[in-house]
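The structure appears below as structure tokens.
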Amino acid sequence: MLVTGGAGFIGANFVHYTIRNHPEYEVRVLDALTYAGDQTTLRPVADRTEFVHGDICDASVVDQLVAEADLVVHFAAESHVDNSLHDPEPFIRSNIIGTYTLLEAVRRHSGRFHHISTDEVFGDLPLDATDKFDEGTPYDPSSPYSASKASSDMLVRAWARSFGVAATLSNCANNYGSYQHVEKFIPRQITNLLVGERPKLYGAGENVREWTHVDDHNAAVHLILSKGRIGETYLIGSGDERSNKEILELILELMGQAPDSYDHVADRPGHDLRYSNDTTKIRTELGWQPKYGDFRAGLAATIDWYRQNEWWWKPQKEATEAKYRVLGR
Ligand code: NAD
Ligand code: DAU
């Protein structure tokens, strides 16, 4: 199994999950170690994985690794919306050209390909609605990040239909858990409190996300690998929708702080209001269901992880906050 982006948050958790639960796989990781990649995350599984430092846009490296793999699970991407608003170029390159490069290699070598994507490709839903995205919802991305992911999804669908590439796709909601970069909402607020900074809420904090534990996401990916239908897309999400303000107040409560001890900062331009996935297809067809039903407990465990693993996140913290200062957030 070739895992692209296996030194990032979800990819590394996927490698850990695979080694724990699917020892039948030999795992090789391809990762460019961008600012978001950290090889130390793979240290606990280093004796069971092979690491290749390389770029998914490098056709010769990709061709050789794909030729040697039975299947490719493709996580590698530029993943942070705020960064894409500041400088879209790496998103176009890694997310679109990188996916194209992988697809061409998979086409040449007749491999199996699973593409990891996001609910952000569908745009957003009104705050006061109860409707959800499903596998047939038309694409309507809002940010350079989501537009680049939408483009990559379209490439995968086209390569499946026109060239017969044995591909599946999944679009998951927001993930949380250990080893998530400190630029993302939940780790940023936890680590701000741990270093004595006030948390930062964009705008009024009314935007809603469907928080899904990273292991539930990765369990769903394994089900798709073993039982998913080729050419199909599966939506993944916990069903647990919460506003950013609600999440922040829960973090403050769990960390023993006053509920109003945070700052409102400038809103994200084009900020998507709400995401919500209808997961009927993956539940009924593949029997997936989230194990981390208790979000409060999952968040408390995540806070504990950041408390105990300062060595992992502290080196990234100052540079990340410096980027946010440039953005005024
Ligand atoms: P991340 O930013 O934590 O990790 C991305 C990894 O990809 C890093 O290790 C980085 O070094 C690597 N990478 C980036 N460009 C590369 C390139 N050109 N060549 C090789 N490696 C490269 O991202 P994440 O949050 O773990 O997201 C992983 C995937 O899941 C992405 O495709 C993302 O769109 C998708 N996704 C993320 C979420 C979420 O909540 N984080 C939700 C749904 C889907
Ligand atoms: O929905 C899936 C997507 O979830 C993935 O495709 C992306 O890769 C992933 O980054 C995530 O995107 P979001 O933009 O939803 O996540 P982020 O952690 O950046 O922000 C979550 C919400 O919190 C969002 O409404 C913006 C807000 N926010 C974020 C930060 C960093 C704040 O209020 N304050 C902050 O400091």
Side-chain angles (χ1 to χ4, degrees), residues 3-14 29-39 41-42 52-58 61-62 73-85 90-91 93-95 97-99 101-102 115-122 124 133 141-143 145-146 148-149 152-153 170-177 179-189 192 199-212 214 217 221 236-237 242-245 247-248 262-268 271-277 320-321 324 327 329:
V3 180
T4 73
F9 163 49
I10 308 175
N13 276 285
F14 178 80
V29 168
L30 172 62
D31 198 294
L33 297 179
T34 68
Y35 80 94
D38 186 341
Q39 212 183 329
T41 312
L42 293 171
V52 179
H53 183 195
D55 195 313
I56 55 168
C57 300
D58 182 336
V61 170
V62 164
V73 188
H74 175 36
F75 291 90
E78 289 291 335
S79 69
H80 196 45
V81 174
D82 291 317
N83 291 343
S84 81
L85 295 165
F91 291 75
R93 185 181 173 281
S94 291
N95 300 2
I97 305 296
T99 302
T101 306
L102 282 158
H115 180 62
I116 304 291
S117 193
T118 167
D119 54 2
E120 295 199 17
V121 298
F122 302 117
D124 62 354
F133 303 132
S142 316
S143 69
Y145 161 69
S146 52
S148 69
K149 291 297 292 186
S152 66
D153 291 14
S170 54
N171 297 78
C172 190
N174 285 63
N175 284 215
Y176 74 99
Y179 298 112
Q180 187 167 30
H181 195 280
V182 290
E183 71 191 352
K184 301 294 199 289
F185 178 56
I186 288 178
R188 185 183 186 202
Q189 315 314 332
N192 271 8
K200 311 285 182 219
L201 190 64
Y202 294 176
E206 287 173 346
N207 309 61
V208 169
R209 300 290 184 265
E210 182 184 352
W211 291 99
T212 303
V214 65
H217 180 181
V221 172
I236 306 166
R242 293 173 193 247
S243 73
N244 296 337
K245 185 163 179 287
I247 300 280
L248 182 49
Y262 63 86
D263 297 330
H264 288 278
V265 294
D267 208 350
R268 175 186 278 173
H271 198 170
D272 280 343
L273 293 173
R274 172 175 162 254
Y275 309 131
S276 177
N277 282 348
T320 303
E321 289 305 314
Y324 276 121
L327 300 176
R329 291 197 280 282

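Atoms within each ligand, like the ligands themselves, are counted from 1 in listed order. Positions are given from 1 along the sequence. Computed over heavy atoms, backbone and side chain alike; hydrogens, waters and symmetry mates excluded.
- No side-chain donor-acceptor contact under 3.5 Å links Ser170 and His115.
- Considering backbone and side-chain atoms alike, Gln180 places every N or O at 3.5 Å or more from each N or O of ligand 1.
- The single protein non-hydrogen atom nearest to atom 32 (O) of ligand 1 is Lys149 NZ, 2.6 Å, given as residue, atom name and distance.
- Qualifying ring-ring contact (aromatic ring centres under 6.0 Å, His included) partners for Tyr262, counting only residues two or more places apart in sequence or in other chains: His264.
- Annotation: cation-pi geometry not satisfied between Arg209 and Phe185 (NZ/CZ under 6.0 angstrom from ring centroid, within 45° of ring axis).
- Around ligand 2 you find Ser79, His80, Val81, Thr118, Asp119, Glu120, Tyr145, Cys172, Ala173, Asn174, Glu183, Lys184, Phe185, Arg188, Gln189, Lys200, Leu201, Tyr202, Asn207, Arg209, Asn244, Arg268, His271, Tyr275, Tyr324, each with a heavy-atom distance below 4.0 Å.
- Within the listing of ligand 1, atoms 33 (C), 34 (O) sit less than 4.0 angstrom from a heavy atom of Tyr145.
- Residue Arg188 holds its CZ atom at 13.5 Å from CD of Gln180, rounded to the nearest 0.5 Å.
- Those atoms of ligand 1 that come under 4.0 Å of a heavy atom in Phe75, given as number and element, are 28 (C), 29 (C), 31 (C), 32 (O).
- Using the six-membered ring where Trp is involved, Phe14 and Phe75 have ring planes that are tilted, between 30° and 60° apart.
- In this structure, Gly54 counts as a contact residue of ligand 1, since one of its heavy atoms falls inside 4.0 Å of the ligand.
- Contact analysis leaves Pro90 out of contact with ligand 1, as no non-hydrogen atom separation drops below 4.0 angstrom.
- Heavy atoms of His181 stay at 4.0 angstrom or farther from ligand 1.
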